[in-house]
Chemist: 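One structure is given below, represented as structure tokens, and several questions about it will come after.
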Amino acid sequence: MRYSAGLINTVREVPSEAEVISHQLMLRAGMIKKLAAGVYSFLPLGYRVIRKIEEIIRKEMDQAGAQEVFLPVLCPAELWQDSGRWSVYGPELMRCKDRHNREFCLGPTHEEVITDLVRREVKSYRQLPLNLYQIQTKFRDEIRPRFGLMRGREFIMKDAYSFDCDEAGADVSYQRMKETYQNIFRKCGLKFTMVEADTGAIGGNFSHEFMVLADSGEDLVVSCQKCSYGSNIERAECLPSKEKALPDAPLKPVEAVLTPKYTAVDEVADFLKVKKDEGVKTLIMKADEQEVVVLMRGDHELNEVKLKNLLNAVDIVMADEATIETITGGSVGFSGPVGLERVKIVADYSVQNLFNFVTGANKKDTHLVNVNWGRDCPVPQFADLRLVTETDRCPRCQDKLTITRGIEVGHIFKLGTKYSKALKAEYLDQKGDEKTIIMGCYGIGVGRTMAASIEQNHDKDGIIWPMPIAPYQVLVLPTDVTDKNIKDTAHDVYKQLLACGIETIIDDRDERPGVKFKDADLLGFPLRITIGSRSLKQGVIEIRIRKTGENLQVPKDDYKNRVIKLIQELQPQE
Ligand code: ATP
Ligand code: MG
């Protein structure tokens, strides 16, 4: 590829709309261009990266016995109504109508469509197991599209679906995908961790996310320093607190105290001279339009996913002021469980053993002290409802936990019969009995993987592509194309490398060397060969390794072998 013939427009300034480094660098390198919020065009260099990631995915999926299909983006609403998701998917689903007023959606994921296909095509146990995948554009009207390719409204996903006769078979399919995903991300040159993920209404231990650790990540990853435990914070269990089951002090009489203007937990605790973990804070929420009161210890935060799972709710929001006032009869900021007889109350395990605690009085500017369960207020349903913190211990081995940010690049999930039951995907077993197919689903965000790779591999000068996904492996850079000797040598090197099957680009522009060096670093090609008067005079070829900044002077008759060897060395190791 000749640089001068390419559509490559780099810019020096950091684009103001880009918050994270991958987004900034992809825009500066001219690899993507925004069309609308969360909607991007890929330019030639950027699309080469996408295709490379896709090829790695294809190779590994094929090797695992999966077969590639290509399903429609336009999905009829009826299928989604049959599965029940037409009503629960909410505004993220891009809906549209045809000229006959029939409803459709643009596929955000394809469980319905693939299950429909399989129920029509598969009749017998002899046709199972089956794993079908596709690489295709998905649509999700994300509430907050941001970070470039990381959270788009239109994005490329690899989605796969497995179909098995029984649970044991489905577990084998799941395990195979788990290994395949590890191979894929390793072969893309990414450092990642696999963590347990929330399984929502389906339950069980069969969901894992593949996380690229990076400060810009939107997810929080909990990991143990000692054992292999890793979990998305949404799922991370909290061990029950160690406090004594019975109070060791007498229960004191309840007292109302004036706490004018103080509503925040810190302020109230300071004012009443108690610790934050001696207070119970009260959240009034709406779970699918049903009011629920949630009690947490003052120093803890609610884990909404745990609450959703406990209540089997789809949507959870804070109640509005009017609702709070109706339920508590008091003003916002001073809520508490005392006197709340007619509403569902749930509480985190950590408040179960509190006694003589502080809580809101459901009255303006007032808190109650010395409140006790049962005596003063209804005993709520206790459950694990809080977010784990770094002061918590590993639920497996009790060692220290760390919490880091991560980017979810892949997600695997054992679905069981959720979709096959709803859509009646059945097969005849050996005895001729009708059985429901057991499913799994497996997704990878292709664009998000590209972005995550940049988050992990860059420096102040630009991108540092891992060899397997670099748009070109080698850049040949003649420092002065008006010098015939330099120009001819560079073109010769370029042609020789192409003849060896090496993906090479030559910067044949009539630009100052400084400009070319800057662009080379920004675009992030793993190897750069500089042809200038000095190296020509010395009869050497200068190879620079982008990742380490190392400059190698290689004898002219040996450079091809060196480049081939370096390309091998820069591949991810087994
Ligand atoms: P998130 O929690 O980040 O919204 P998700 O759980 O909705 O992700 P899945 O439905 O499991 O994601 O989709 C599979 C994969 O598709 C994800 O692991 C991620 O890599 C990618 N993905 C999901 N949403 C987006 C998006 N809006 N933009 C780019 N990639 C996405
Ligand atoms: Mg999502």
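In each ligand, atom 1 is the first atom listed, and ligand 1 is the first ligand listed.
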Chemist: Distance-only check: which donor-acceptor pairs under 3.5 Å involve side-chain atoms of residues 185-192, not counting sequence neighbours?
Modeler:
| residue | atom | partner | partner atom | Å |
| --- | --- | --- | --- | --- |
| R186 | NH2 | N183 | OD1 | 3.2 |
| K187 | NZ | E60 | OE2 | 3.0 |

Chemist: Near ligand 1, which residues have a heavy atom under 4.0 Å away from one of its atoms?
Modeler: R140, E142, L149, M150, R151, G152, F155, M157, E408, V409, G410, H411, G445, R448

Chemist: Charged N to carboxylate O below 4.0 Å: is that the case for E68 and K158?
Modeler: no

Chemist: Name each donor-acceptor pair under 3.5 Å that joins a side chain in residues 209-222 to protein atoms two or more places apart or in another chain, with its distance.
Modeler:
| residue | atom | partner | partner atom | Å |
| --- | --- | --- | --- | --- |
| E209 | OE1 | N232 | ND2 | 2.6 |
| S216 | OG | E455 | OE1 | 2.8 |
| E218 | OE1 | R151 | NE | 3.0 |
| E218 | OE1 | R151 | NH2 | 3.3 |
| E218 | OE2 | R146 | NE | 3.1 |
| E218 | OE2 | R146 | NH2 | 2.8 |
| D219 | OD1 | N232 | ND2 | 3.4 |

Chemist: How long is the span from the CD atom in E78 to the CZ atom in R102, to the nearest 0.5 Å?
Modeler: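 Rounded to the nearest 0.5 Å, the CD-CZ separation comes out at 8.0 Å.
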
Chemist: Check this for me: does any side-chain nitrogen of one of R85 and E111 sit under 4.0 Å from a carboxylate oxygen of the other?
Modeler: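 Salt bridge flag = yes for E111 with R85.
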
Chemist: How would you list, by chain and number, every residue that makes a ring pair (Phe, Tyr, Trp, His ring centres under 6.0 Å) with Y40, sequence neighbours excluded?
Modeler: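 Testing Y40 for ring pair (Phe, Tyr, Trp, His ring centres under 6.0 Å), a comparison that skips the adjacent residues, returns H23.
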
